[in-house]
2 protein chains.
Amino acid sequence: MERNTRQRAAILDAISRAGRPLLPREVLAAAQRTTPGLGIATVYRNLKAMLAEGQLSAVELPGENARFEKSGSQHHHHFQCMHCQRVFDVSGCPGDLSRLAPPGFAVDGHELTLYGRCKECL
Amino acid sequence: MERNTRQRAAILDAISRAGRPLLPREVLAAAQRTTPGLGIATVYRNLKAMLAEGQLSAVELPGENARFEKSGSQHHHHFQCMHCQRVFDVSGCPGDLSRLAPPGFAVDGHELTLYGRCKECL
DNA sequence: TTCTTAATGATATGTCCATCTCATTAATGG
DNA sequence: CCATTAATGAGATGGACATATCATTAAGAA
(Lines give C-alpha, C1' and ligand atoms only; values in the text may rest on other atoms or scores of the structure.)
Protein backbone atom coordinates (compact mmCIF):
# COMPACT_ATOMS: atom_id res chain seq x y z
CA MET A 1 0.00 0.00 0.00
CA GLU A 2 2.39 2.64 -1.14
CA ARG A 3 0.37 4.23 -3.89
CA ASN A 4 -2.53 6.59 -3.64
CA THR A 5 -5.12 4.92 -5.78
CA ARG A 6 -8.57 6.18 -6.67
CA GLN A 7 -10.00 3.12 -4.98
CA ARG A 8 -8.24 3.70 -1.71
CA ALA A 9 -9.36 7.30 -1.65
CA ALA A 10 -12.93 6.31 -2.46
CA ILE A 11 -12.99 3.80 0.38
CA LEU A 12 -11.72 6.25 2.96
CA ASP A 13 -14.04 8.92 1.64
CA ALA A 14 -17.04 6.63 1.87
CA ILE A 15 -16.32 5.89 5.51
CA SER A 16 -15.67 9.54 6.30
CA ARG A 17 -18.90 10.68 4.73
CA ALA A 18 -20.96 7.99 6.41
CA GLY A 19 -20.02 9.23 9.85
CA ARG A 20 -20.83 5.86 11.31
CA PRO A 21 -19.18 2.42 11.29
CA LEU A 22 -19.71 0.55 8.03
CA LEU A 23 -19.60 -3.10 7.12
CA PRO A 24 -17.25 -4.06 4.29
CA ARG A 25 -20.21 -4.55 1.97
CA GLU A 26 -21.56 -1.14 2.96
CA VAL A 27 -18.18 0.38 2.21
CA LEU A 28 -18.24 -1.34 -1.16
CA ALA A 29 -21.71 -0.05 -1.98
CA ALA A 30 -20.92 3.49 -0.90
CA ALA A 31 -17.55 3.67 -2.63
CA GLN A 32 -18.91 2.20 -5.83
CA ARG A 33 -21.02 5.31 -6.26
CA THR A 34 -17.86 7.29 -7.01
CA THR A 35 -15.82 4.36 -8.26
CA PRO A 36 -17.87 1.90 -10.31
CA GLY A 37 -16.15 -1.40 -10.83
CA LEU A 38 -14.55 -1.33 -7.43
CA GLY A 39 -14.12 -4.90 -6.21
CA ILE A 40 -14.78 -6.40 -2.81
CA ALA A 41 -11.23 -7.74 -2.60
CA THR A 42 -9.88 -4.23 -2.88
CA VAL A 43 -12.18 -3.10 -0.12
CA TYR A 44 -10.94 -5.82 2.21
CA ARG A 45 -7.32 -5.21 1.27
CA ASN A 46 -7.56 -1.51 1.99
CA LEU A 47 -9.59 -1.86 5.14
CA LYS A 48 -6.97 -4.22 6.48
CA ALA A 49 -4.14 -1.92 5.47
CA MET A 50 -5.73 1.22 6.89
CA LEU A 51 -6.51 -0.66 10.06
CA ALA A 52 -2.85 -1.63 10.40
CA GLU A 53 -1.80 1.95 9.74
CA GLY A 54 -4.18 3.12 12.43
CA GLN A 55 -6.18 5.20 10.02
CA LEU A 56 -9.29 3.12 10.68
CA SER A 57 -10.67 1.35 13.72
CA ALA A 58 -12.69 -1.85 13.84
CA VAL A 59 -16.04 -1.86 15.61
CA GLU A 60 -17.26 -5.24 16.77
CA LEU A 61 -20.80 -5.71 17.99
CA PRO A 62 -22.40 -8.86 19.38
CA GLY A 63 -23.28 -11.30 16.63
CA GLU A 64 -22.14 -8.91 13.92
CA ASN A 65 -19.21 -8.75 11.55
CA ALA A 66 -16.64 -6.05 12.10
CA ARG A 67 -17.50 -2.55 10.94
CA PHE A 68 -14.99 0.18 10.22
CA GLU A 69 -14.81 3.81 11.20
CA LYS A 70 -12.18 6.52 11.17
CA SER A 71 -9.75 6.54 14.06
CA GLY A 72 -9.12 9.50 16.26
CA SER A 73 -12.41 10.00 18.01
CA GLN A 74 -12.20 9.56 21.75
CA HIS A 75 -13.60 6.69 23.81
CA HIS A 76 -17.18 6.08 22.82
CA HIS A 77 -19.77 3.40 22.31
CA HIS A 78 -22.34 2.36 19.74
CA PHE A 79 -26.02 2.17 19.06
CA GLN A 80 -27.58 -0.36 16.73
CA CYS A 81 -31.01 0.21 15.25
CA MET A 82 -33.06 -2.95 15.58
CA HIS A 83 -34.96 -2.04 12.44
CA CYS A 84 -32.38 -1.00 9.86
CA GLN A 85 -29.42 -2.68 11.60
CA ARG A 86 -27.25 0.37 11.08
CA VAL A 87 -24.76 1.31 13.76
CA PHE A 88 -24.18 4.80 15.11
CA ASP A 89 -21.69 6.33 17.50
CA VAL A 90 -22.80 7.49 20.92
CA SER A 91 -20.54 9.89 22.75
CA GLY A 92 -21.14 9.14 26.40
CA CYS A 93 -19.88 6.40 28.64
CA PRO A 94 -21.19 5.15 31.97
CA GLY A 95 -17.68 5.44 33.39
CA ASP A 96 -15.80 3.09 35.65
CA LEU A 97 -17.39 -0.33 35.69
CA SER A 98 -14.78 -2.26 37.66
CA ARG A 99 -17.15 -2.51 40.59
CA LEU A 100 -19.42 -4.79 38.56
CA ALA A 101 -16.86 -7.54 38.14
CA PRO A 102 -16.64 -10.47 40.56
CA PRO A 103 -14.07 -10.17 43.37
CA GLY A 104 -10.60 -11.07 42.20
CA PHE A 105 -11.26 -10.12 38.60
CA ALA A 106 -9.30 -7.27 37.04
CA VAL A 107 -11.20 -5.07 34.62
CA ASP A 108 -9.31 -3.02 32.12
CA GLY A 109 -11.80 -2.34 29.39
CA HIS A 110 -15.41 -2.55 28.36
CA GLU A 111 -17.75 -2.45 25.40
CA LEU A 112 -21.26 -1.12 25.48
CA THR A 113 -23.91 -1.41 22.80
CA LEU A 114 -27.28 0.28 22.95
CA TYR A 115 -30.21 -1.14 21.00
CA GLY A 116 -33.39 0.54 19.85
CA ARG A 117 -34.73 2.58 16.96
CA CYS A 118 -32.76 5.24 15.16
CA LYS A 119 -34.24 8.61 14.31
CA GLU A 120 -35.18 7.53 10.79
CA CYS A 121 -36.81 4.29 11.82
CA LEU A 122 -39.02 5.58 14.61
CA MET B 1 -37.28 -33.20 20.90
CA GLU B 2 -39.86 -35.18 22.76
CA ARG B 3 -37.67 -37.77 24.37
CA ASN B 4 -35.39 -37.44 27.36
CA THR B 5 -32.15 -38.77 26.06
CA ARG B 6 -28.90 -39.26 27.94
CA GLN B 7 -27.28 -36.83 25.53
CA ARG B 8 -29.78 -34.08 26.11
CA ALA B 9 -29.44 -34.46 29.86
CA ALA B 10 -25.65 -34.42 29.62
CA ILE B 11 -25.71 -31.23 27.59
CA LEU B 12 -27.96 -29.40 30.01
CA ASP B 13 -26.00 -30.73 32.95
CA ALA B 14 -22.71 -29.55 31.45
CA ILE B 15 -24.04 -26.04 31.07
CA SER B 16 -25.55 -26.02 34.52
CA ARG B 17 -22.37 -27.16 36.18
CA ALA B 18 -20.21 -24.70 34.28
CA GLY B 19 -22.09 -21.75 35.74
CA ARG B 20 -20.95 -19.61 32.85
CA PRO B 21 -21.85 -19.30 29.17
CA LEU B 22 -20.28 -22.04 27.04
CA LEU B 23 -19.45 -22.27 23.38
CA PRO B 24 -20.90 -25.27 21.52
CA ARG B 25 -17.47 -26.88 21.42
CA GLU B 26 -17.07 -26.30 25.17
CA VAL B 27 -20.46 -27.90 25.73
CA LEU B 28 -19.34 -30.85 23.65
CA ALA B 29 -16.10 -31.26 25.57
CA ALA B 30 -17.79 -30.97 28.96
CA ALA B 31 -20.68 -33.27 28.12
CA GLN B 32 -18.41 -35.90 26.59
CA ARG B 33 -16.91 -36.47 30.02
CA THR B 34 -20.16 -38.10 31.09
CA THR B 35 -21.27 -39.19 27.65
CA PRO B 36 -18.40 -40.36 25.48
CA GLY B 37 -19.27 -40.59 21.82
CA LEU B 38 -21.55 -37.58 21.97
CA GLY B 39 -21.50 -35.86 18.59
CA ILE B 40 -21.29 -32.19 17.76
CA ALA B 41 -24.45 -32.38 15.66
CA THR B 42 -26.39 -33.51 18.70
CA VAL B 43 -25.00 -30.62 20.67
CA TYR B 44 -26.14 -28.11 18.06
CA ARG B 45 -29.52 -29.78 17.71
CA ASN B 46 -30.19 -29.70 21.41
CA LEU B 47 -28.84 -26.22 21.97
CA LYS B 48 -31.18 -24.98 19.27
CA ALA B 49 -34.13 -26.87 20.69
CA MET B 50 -33.52 -25.77 24.27
CA LEU B 51 -33.09 -22.22 23.08
CA ALA B 52 -36.46 -22.38 21.33
CA GLU B 53 -38.04 -23.85 24.45
CA GLY B 54 -36.59 -21.01 26.49
CA GLN B 55 -34.57 -23.38 28.63
CA LEU B 56 -31.32 -21.81 27.46
CA SER B 57 -30.31 -18.30 26.49
CA ALA B 58 -27.76 -17.24 23.90
CA VAL B 59 -24.95 -14.92 24.92
CA GLU B 60 -23.37 -12.97 22.09
CA LEU B 61 -20.16 -11.05 22.61
CA PRO B 62 -18.32 -8.84 20.14
CA GLY B 63 -16.37 -10.89 17.63
CA GLU B 64 -17.36 -14.16 19.29
CA ASN B 65 -19.67 -17.01 18.45
CA ALA B 66 -22.78 -17.44 20.52
CA ARG B 67 -22.41 -19.05 23.92
CA PHE B 68 -25.20 -20.69 25.88
CA GLU B 69 -26.30 -20.44 29.48
CA LYS B 70 -29.36 -21.44 31.47
CA SER B 71 -32.28 -19.08 31.32
CA GLY B 72 -33.94 -17.63 34.36
CA SER B 73 -31.27 -15.46 35.85
CA GLN B 74 -32.18 -11.80 35.93
CA HIS B 75 -30.74 -9.02 33.79
CA HIS B 76 -26.98 -9.22 33.87
CA HIS B 77 -23.87 -8.74 31.79
CA HIS B 78 -20.66 -10.57 31.02
CA PHE B 79 -16.95 -10.50 31.57
CA GLN B 80 -14.46 -11.99 29.16
CA CYS B 81 -10.97 -12.90 30.29
CA MET B 82 -8.47 -11.63 27.75
CA HIS B 83 -6.14 -14.48 28.63
CA CYS B 84 -8.26 -17.64 28.69
CA GLN B 85 -11.13 -16.21 26.63
CA ARG B 86 -13.68 -17.65 29.00
CA VAL B 87 -16.84 -15.70 29.72
CA PHE B 88 -18.37 -15.13 33.14
CA ASP B 89 -21.57 -13.56 34.39
CA VAL B 90 -21.47 -10.28 36.23
CA SER B 91 -24.47 -9.36 38.30
CA GLY B 92 -24.55 -5.60 38.22
CA CYS B 93 -25.72 -3.15 35.61
CA PRO B 94 -24.96 0.54 35.17
CA GLY B 95 -28.69 1.21 34.88
CA ASP B 96 -30.55 3.43 32.50
CA LEU B 97 -28.41 4.40 29.55
CA SER B 98 -30.99 6.15 27.39
CA ARG B 99 -29.33 9.47 28.07
CA LEU B 100 -26.27 8.36 26.08
CA ALA B 101 -28.14 7.96 22.80
CA PRO B 102 -28.36 10.78 20.26
CA PRO B 103 -31.49 12.94 20.38
CA GLY B 104 -34.39 11.32 18.56
CA PHE B 105 -33.12 7.80 19.14
CA ALA B 106 -35.17 5.40 21.24
CA VAL B 107 -33.22 3.03 23.46
CA ASP B 108 -34.84 -0.13 24.67
CA GLY B 109 -31.97 -2.40 25.50
CA HIS B 110 -28.24 -2.66 25.95
CA GLU B 111 -25.37 -5.09 26.14
CA LEU B 112 -22.28 -4.58 28.21
CA THR B 113 -19.10 -6.62 28.15
CA LEU B 114 -16.22 -6.16 30.56
CA TYR B 115 -12.72 -7.23 29.60
CA GLY B 116 -9.77 -8.08 31.77
CA ARG B 117 -8.26 -10.98 33.65
CA CYS B 118 -10.24 -13.57 35.52
CA LYS B 119 -9.31 -14.72 38.98
CA GLU B 120 -7.43 -17.74 37.68
CA CYS B 121 -5.45 -15.87 35.06
CA LEU B 122 -4.21 -13.02 37.20
C1' DT C 1 -40.36 -57.46 26.23
C1' DT C 2 -41.56 -55.76 21.74
C1' DC C 3 -42.65 -52.18 18.57
C1' DT C 4 -42.62 -47.62 16.78
C1' DT C 5 -40.16 -43.88 15.57
C1' DA C 6 -37.64 -39.85 17.57
C1' DA C 7 -32.99 -38.98 18.33
C1' DT C 8 -28.26 -39.90 17.61
C1' DG C 9 -23.52 -40.04 15.35
C1' DA C 10 -20.60 -39.66 11.45
C1' DT C 11 -19.94 -37.16 7.77
C1' DA C 12 -21.38 -34.54 3.77
C1' DT C 13 -22.98 -30.23 2.57
C1' DG C 14 -24.07 -25.39 3.03
C1' DT C 15 -23.17 -20.55 4.27
C1' DC C 16 -20.88 -16.51 5.06
C1' DC C 17 -17.11 -13.97 5.18
C1' DA C 18 -12.36 -13.16 4.14
C1' DT C 19 -8.21 -14.14 1.64
C1' DC C 20 -5.53 -15.75 -2.28
C1' DT C 21 -4.27 -16.08 -7.30
C1' DC C 22 -3.02 -14.06 -11.33
C1' DA C 23 -3.69 -11.59 -15.54
C1' DT C 24 -4.49 -6.74 -16.25
C1' DT C 25 -4.38 -1.88 -15.04
C1' DA C 26 -2.55 2.29 -13.61
C1' DA C 27 0.36 5.16 -10.08
C1' DT C 28 4.89 7.07 -9.53
C1' DG C 29 10.02 7.91 -10.67
C1' DG C 30 13.00 9.04 -14.15
C1' DC D 1 6.30 9.86 -22.18
C1' DC D 2 8.07 5.27 -20.64
C1' DA D 3 9.14 1.76 -17.76
C1' DT D 4 8.53 -0.43 -13.46
C1' DT D 5 5.83 -2.73 -10.44
C1' DA D 6 2.22 -1.92 -6.81
C1' DA D 7 -2.54 -2.32 -6.83
C1' DT D 8 -6.74 -3.80 -8.82
C1' DG D 9 -10.73 -6.93 -10.28
C1' DA D 10 -12.76 -11.35 -11.03
C1' DG D 11 -13.18 -15.45 -9.51
C1' DA D 12 -11.25 -19.40 -7.06
C1' DT D 13 -10.13 -20.99 -2.67
C1' DG D 14 -10.02 -21.30 2.34
C1' DG D 15 -11.82 -21.66 7.00
C1' DA D 16 -14.96 -21.75 10.69
C1' DC D 17 -19.23 -22.75 12.12
C1' DA D 18 -23.79 -24.62 11.57
C1' DT D 19 -27.12 -27.57 9.29
C1' DA D 20 -28.62 -31.58 6.50
C1' DT D 21 -28.54 -36.53 5.39
C1' DC D 22 -29.29 -41.12 6.55
C1' DA D 23 -28.28 -45.57 8.48
C1' DT D 24 -28.34 -46.97 13.24
C1' DT D 25 -29.66 -46.70 18.08
C1' DA D 26 -32.52 -46.41 21.93
C1' DA D 27 -36.65 -43.93 24.54
C1' DG D 28 -41.22 -44.63 25.75
C1' DA D 29 -45.87 -46.76 24.98
C1' DA D 30 -48.38 -50.95 25.06
Side-chain angles (χ1 to χ4, degrees), chain A residues 1-15 18 21-69 80 84-87, chain B residues 1-15 18 21-69 80 84-87:
Chain A
M1 297 296 176
E2 300 169 9
R3 294 180 182 179
N4 285 328
T5 63
R6 285 182 305 118
Q7 291 85 348
R8 184 191 184 83
I11 289 167
L12 187 56
D13 185 61
I15 293 174
L22 297 183
L23 291 166
R25 65 165 177 274
E26 291 178 312
V27 174
L28 177 67
Q32 279 182 334
R33 275 188 254 118
T34 52
T35 308
L38 176 65
I40 188 66
T42 297
V43 170
Y44 276 108
R45 267 190 298 249
N46 280 284
L47 288 177
K48 190 174 182 180
M50 291 193 260
L51 196 59
E53 292 168 15
Q55 204 164 168
L56 294 181
S57 300
V59 174
E60 306 232 324
L61 299 194
E64 300 281 307
N65 292 317
R67 288 174 169 79
F68 298 84
E69 67 181 352
Q80 181 168 36
C84 66
Q85 265 64 61
R86 290 185 301 174
V87 172
Chain B
M1 298 298 174
E2 301 169 9
R3 294 180 180 177
N4 285 329
T5 63
R6 283 181 306 116
Q7 292 85 348
R8 183 191 184 85
I11 288 167
L12 188 56
D13 185 60
I15 293 174
L22 297 182
L23 291 165
R25 64 165 176 274
E26 291 177 314
V27 173
L28 177 66
Q32 278 182 334
R33 275 188 254 119
T34 52
T35 308
L38 176 65
I40 188 66
T42 298
V43 170
Y44 277 108
R45 266 190 299 250
N46 279 284
L47 288 178
K48 190 174 182 179
M50 291 193 262
L51 196 59
E53 292 168 14
Q55 206 164 166
L56 295 181
S57 300
V59 174
E60 307 233 323
L61 299 193
E64 299 280 307
N65 294 316
R67 288 174 169 79
F68 298 84
E69 67 181 354
Q80 181 168 36
C84 66
Q85 266 62 61
R86 290 186 302 174
V87 172

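A, B, ... follow the sequence lines: proteins, then strands. Residue 1 opens every chain.
Residues A:Gln55 and A:Leu12 form a side-chain contact, since some pair of their non-hydrogen atoms from C-beta on lies under 4.5 Å apart. For the pair B:Leu28 and B:Ile11, the minimum side-chain heavy-atom distance is 4.5 Å or more.
With rounding to whole Å, B:Arg8 atom CZ is found 14 Å from C:dG9 atom P. For the pair A:Leu38 CG and C:dT24 C1', the interatomic distance rounds to 16 Å; values are reported in whole Å. In this structure, the CG atom of B:Asn46 is 15 Å from the P atom of D:dA18, given to the nearest Å. Rounded to a whole Å, the CD atom of B:Glu26 is 12 Å from the P atom of D:dA18.
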Which atom pairs, donor and acceptor, lie under 3.5 Å between side-chain atoms of residues 61-68 of chain A and protein residues at least two apart or in another chain?
unit_1  : atom_1 : unit_2  : atom_2 : d
A:Glu64 : OE1    : A:Arg67 : NH1    : 3.2
A:Glu64 : OE1    : A:Arg67 : NH2    : 3.1
A:Glu64 : OE1    : A:Gln80 : NE2    : 3.3
A:Arg67 : NH2    : A:Gln85 : O      : 3.2

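The only member of B:Asp13, B:Asn46, B:Thr42 that meets side chain to side chain donor-acceptor pair (under 3.5 Å) when paired with B:Arg8 is B:Asn46.
Under the side-chain contact (heavy atoms from CB on, under 4.5 Å) criterion, A:Thr35 pairs with A:Arg6, A:Gln7, A:Ala10, A:Leu38, sequence neighbours left out. Applying the side-chain hydrogen bond (donor to acceptor under 3.5 Å, both in side chains) test to B:Gln32 and every residue at least two apart in sequence or in another chain returns nothing. The side-chain contact (heavy atoms from CB on, under 4.5 Å) search around B:Ala9 returns none, not counting sequence neighbours.
Counting only distance, with no hydrogens or angles, the side chain of B:Glu53 and the backbone of B:Met50 share no donor-acceptor pair below 3.5 Å.
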Under 3.5 Å, which N/O atoms of the protein pair with N/O atoms of nucleotides 17-19 of chain C?
unit_1 : atom_1 : unit_2  : atom_2 : d
C:dC17 : OP1    : A:Asn65 : ND2    : 3.0
C:dC17 : O5'    : A:Asn65 : ND2    : 3.3
C:dA18 : OP2    : A:Tyr44 : OH     : 2.2

Expected rows: protein N/O vs nucleotides 26-28 of chain D N/O, under 3.5 Å:
unit_1 : atom_1 : unit_2 : atom_2 : d
D:dA27 : N3     : B:Arg3 : NH1    : 3.2
D:dG28 : OP1    : B:Asn4 : N      : 2.8

